[in-house]
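Accompanying notes for the structure given below.
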Amino acid sequence: MDSVLLSGLGIAGNMSADNSSLDPGDVTVPLRNLRNSVQCVRDRVRDGESKECNEDFNLQQFWDTLGQAFKAASQGATKLSLVFSKPPLPSAQDCERLADSIEKNVLTLATVYYWLPKSQGITLRRIARDATVEVLEGISQLIEVILNTPLQSLSQEQLTSTGGVWSSCDYIHRLPQDNQAAVLSVMASYSAVVKDAIEEMEQAQADSQDPFSDVLDDDDLDSRGNQDTYWSEEDKQLMAPCQGLMKAGKACLKKLSGAVKAHGKVDSPECIAQLDDLADITKEISPNVDDLALSLYPPMNYAGVRLNAARLASVVKKVLEITKSSHVCPEAELAWVQFLDGAVQHNMQKVKNLTQNSI
């Protein structure tokens with residue numbers, strides 16, 4: 001079984017290369033070989049491609065089998081950690097048998113992951129890939145820790161590494177089960193980033209009052225040299241529509257998530273692909289919100305603010321366009337799409353008007 005799986009992953013012969021010269025008393029040889037194999041499989045999973053389509057594919061069966069593979073990987077890591085937690089050390093032959101067993105678990109895990117075709121959703125596949133890579137990385141780190149610490153003692157680092165593998169394997173039960181759920185999960189992460197950026201900006205405004213603004217007249221304030229530490233009245237006027245754009249991005253993610261939850265389908269390749277398109281374009285909202293927020297801190301460069309505002313406006317409008325043409329936007333959803341499109345245009349026009357002299 002292991003040779004077939006190794007060949008399928010393009011790493012045949014990797015594990016057994018050093019075994020011909022195995023020292024009967026050296027338990028580190030099979031451990032080093034196992035580490036190398038795990039790392040090679042990890043890299044293949046990270047960079048490899050699955051089938052485009054599999055008409056006989058059963059998604060529920062895939063998750064059941066992947067769950068079993070994750071469980072076996074967790075059990076193998078536990079056995080490995082226990083064997084090297086206290087004396088006596090296993091023989092080199094016993095260590096090799098354990099390494100072979102763990103290698104089979106690792107190869108089975110990778111092979112099951114490769115069952116998942118792209119036709120089930122690129123977003124879903126990325127999430128399954130990342131979860132699989134995390135397990136493989138955890139096992140590799142555990143082996144590295146065992147190799148780099150006294151072999152007959154249980155270090156805190158070994159306990160932590162073992163717990164990391166358990167946590168990664170248990171995460172299988174929290175993974176989205178289809179592309180609709182996968183897209184919702186990534187949109188939720190984008191929304192959290194946008195929410196944090198907006199809240200940080202609002203808090204900065206609340207905390208960033210000029211301490212002398214209430215005792216100096218306007219002429220004195222204009223001549224002060226610490227204007228790079230607070231916002232002028234002109235800055236505040238420009239911030240308002242910029243924050244409007246940021247809030248439009250936040251609202252777009254919230255409303256679109258609701259539409260995907262209510263209307264998203266995974267019963268055809270077209271619908272699955274549309275969900276992937278929405279996931280890909282909404283990914284651009286949060287970094288553009290961050291860029292605009294950072295450019296609003298004093299001292300403000302109006303040309304830079306205008307550029308970042310335009311980029312965010314463009315992304316949000318693109319999201320709305322793709323949403324409008326997708327299956328998650330029946331007539332009942334058109335109102336918020338049109339409203340947000342108008343809000344983006346309105347705020348962007350304000351930004352242009354307030355920055356005319358900076359271009």
Do Ser155 and Leu159 have side chains that get closer than 4.5 Å, going by heavy atoms?
-> no

Donor + acceptor pair across side chains of Asn353, Gln349 (<3.5 Å) = yes

Do Asp235 and Tyr230 have side-chain heavy atoms sitting under 4.5 Å apart?
-> no

Taking all non-hydrogen atoms of both residues into account, name the closest pair between Gln274 and Ser325 and its distance.
-> NE2-O, 4.4 Å

Worked check of side-chain contact (heavy atoms from CB on, under 4.5 Å) between Gln75 and Lys71 | CA-CA 6 Å; Gln75 292 172 341; Lys71 182 178 180 181; 3.5 Å; yes

Once you round to the nearest 0.5 Å, how far does CG of Leu34 lie from CD1 of Ile139?
-> 8.0 Å

Please tell me if the side chains of Trp115 and Val112 come closer than 4.5 Å, counting only heavy atoms from C-beta onward.
-> yes

Arg306 side, atom CZ; Gln356 side, atom CD - distance, nearest 0.5 Å | 5.0 Å

Examine distances only and state if a side-chain atom of Trp336 and a backbone atom of Glu333 form a donor-acceptor pair shorter than 3.5 Å.
-> yes

Any side-chain donor paired with an acceptor under 3.5 Å for Glu137 and Gln141?
-> yes

Answer yes or no: is there a donor N or O on one side and an acceptor on the other, between the side chain of Thr282 and the main chain of Leu278, under 3.5 Å?
-> yes

If you measure from the Lys or Arg side-chain nitrogens to the Asp or Glu carboxylate oxygens, is any gap between Glu321 and Lys317 under 4.0 Å?
-> no

State plainly whether one hydrophobic cluster holds both Leu116 and Ile122, where clusters connect Ile, Leu, Val, Met, Phe, Trp and Tyr through side-chain heavy atoms under 4.5 angstrom apart.
-> no

Using distance alone, with no hydrogens and no angle criterion, decide if Asp170 and Ser167 have a side-chain donor and acceptor under 3.5 Å apart.
-> no

Distance-minimising heavy-atom pair for Thr323 and Cys329 = O-CB, 3.1 Å

Interatomic distance, CZ@Phe70 vs OG1@Thr108, rounded to 0.5 Å, equals 12.5 Å

Tell me, with the steps shown, if Thr355 and Leu238 meet side-chain contact (heavy atoms from CB on, under 4.5 Å).
-> CA-CA 8 Å; Thr355 57; Leu238 178 56; 3.8 Å; yes

Between the side chains of Glu157 and Thr149, does any donor sit under 3.5 Å from an acceptor?
-> no

When you look at Ser140 and Arg42, which way does the side-chain contact (heavy atoms from CB on, under 4.5 Å) test go after all the steps?
-> CA-CA 9 Å; Ser140 173; Arg42 175 204 61 198; 4.2 Å; yes

Please confirm whether the backbone N or O of Ala181 pairs with a side-chain atom of Asp178, one donor and one acceptor, at under 3.5 Å?
-> yes

Among the clusters formed by ILVMFWY side chains lying less than 4.5 Å apart, do Leu292 and Leu307 turn up in the same one?
-> no

Using atom types as modelled and distance alone, determine if a side-chain donor or acceptor of Asn308 lies under 3.5 Å from a backbone N or O of Gly304.
-> yes

Between the main-chain N or O of Gly121 and the side-chain N or O of Asp276, is there a donor-acceptor pair closer than 3.5 Å?
-> no

Closest approach of Ala197 and Val289, non-hydrogen atoms and distance?
-> CB-CG1, 3.9 Å

Report the C-alpha separation of Glu202 and Gln243 in whole Å, then their side-chain angles, then the decisive distance to 0.1 Å, and conclude whether the side-chain hydrogen bond (donor to acceptor under 3.5 Å, both in side chains) test is met.
-> CA-CA 9 Å; Glu202 291 174 343; Gln243 287 180 292; 5.1 Å; no

Check: Leu82 main-chain N/O paired with Ser85 side-chain donor or acceptor under 3.5 Å | yes

Are the side chains of Ser185 and Ile127 in touch, meaning some heavy atoms are under 4.5 Å apart?
-> yes

Which value, rounded to the nearest 0.5 Å, describes the distance between Lys118 atom NZ and Leu124 atom CG?
-> 14.0 Å

Asn148 and Glu144: side chain donor to acceptor below 3.5 Å = yes

Should Leu312 and Tyr297 be regarded as members of a common hydrophobic cluster, given that ILVMFWY residues are connected when their side-chain heavy atoms come within less than 4.5 Å of each other, either directly or indirectly?
-> yes

Can you tell me if CZ on Phe57 sees more than 12 non-hydrogen neighbours from other groups inside 6.0 Å?
-> yes

Could you tell me whether the side chain of Asp341 and the main chain of Val337 form a donor-acceptor pair under 3.5 Å?
-> no

Look at the side chain of Thr132 and the backbone N and O of Ala128, then say whether any donor-acceptor pair between them is shorter than 3.5 Å.
-> yes

Given side chains that start at C-beta, do those of Lys265 and Gln180 come closer than 4.5 Å, heavy atoms only?
-> no

With a 4.5 Å heavy-atom cut-off, do Leu142 and Ile146 have their side chains touching?
-> yes

Do Glu284 and Asn288 have side-chain N/O donor and acceptor atoms under 3.5 Å apart?
-> no

Mind checking whether Leu256 and Val328 have side chains closer than 4.5 Å, heavy atoms only?
-> yes

Which atom pair, heavy atoms only, marks the closest approach of Leu354 to Pro241?
-> CD1-CG, 4.2 Å

Measure across Leu31 and Cys95 and return the closest heavy-atom pair with its distance rounded to 0.1 Å.
-> CG-SG, 4.0 Å

Cluster check Met300, Ile198: I/L/V/M/F/W/Y, side chain < 4.5 angstrom = yes

Between the main-chain N or O of Ser81 and the side-chain N or O of Gln158, is there a donor-acceptor pair closer than 3.5 Å?
-> yes

Salt-bridge contact Asp277-Lys318 (side-chain N to carboxylate O under 4.0 Å) | no

Gap separating the CD1 atom of Ile285 from the CG atom of Leu253, nearest 0.5 angstrom = 4.0 Å

Please assess Ile272 against Ser119 for the test side-chain contact (heavy atoms from CB on, under 4.5 Å), listing each intermediate value before the final yes or no.
-> CA-CA 8 Å; Ile272 290 173; Ser119 57; over 6 Å; no

4.5 Å side-chain heavy-atom contact, Glu199 and Gln203 = no

Please determine if Arg46 and Glu134 form a salt bridge, counting it only when a charged side-chain N lies under 4.0 Å from a carboxylate O.
-> no

Is there a path from Leu89 to Val145 through hydrophobic residues (I, L, V, M, F, W, Y) whose side chains come within less than 4.5 Å of each other?
-> no

Find the distance between CD1 (Ile322) and CG (Asp280) and round it off to the nearest 0.5 Å.
-> 9.0 Å

Will you find, in the side chains of Tyr302 and Asn357, an N or O donor that is under 3.5 Å from an N or O acceptor?
-> no

Might you point out which heavy atoms bring Leu66 and Ile172 nearest each other, and give the distance in Å?
-> CD2-CD1, 3.6 Å

Side-chain donor-acceptor pair present, Thr78, Trp166, cut-off under 3.5 Å | yes

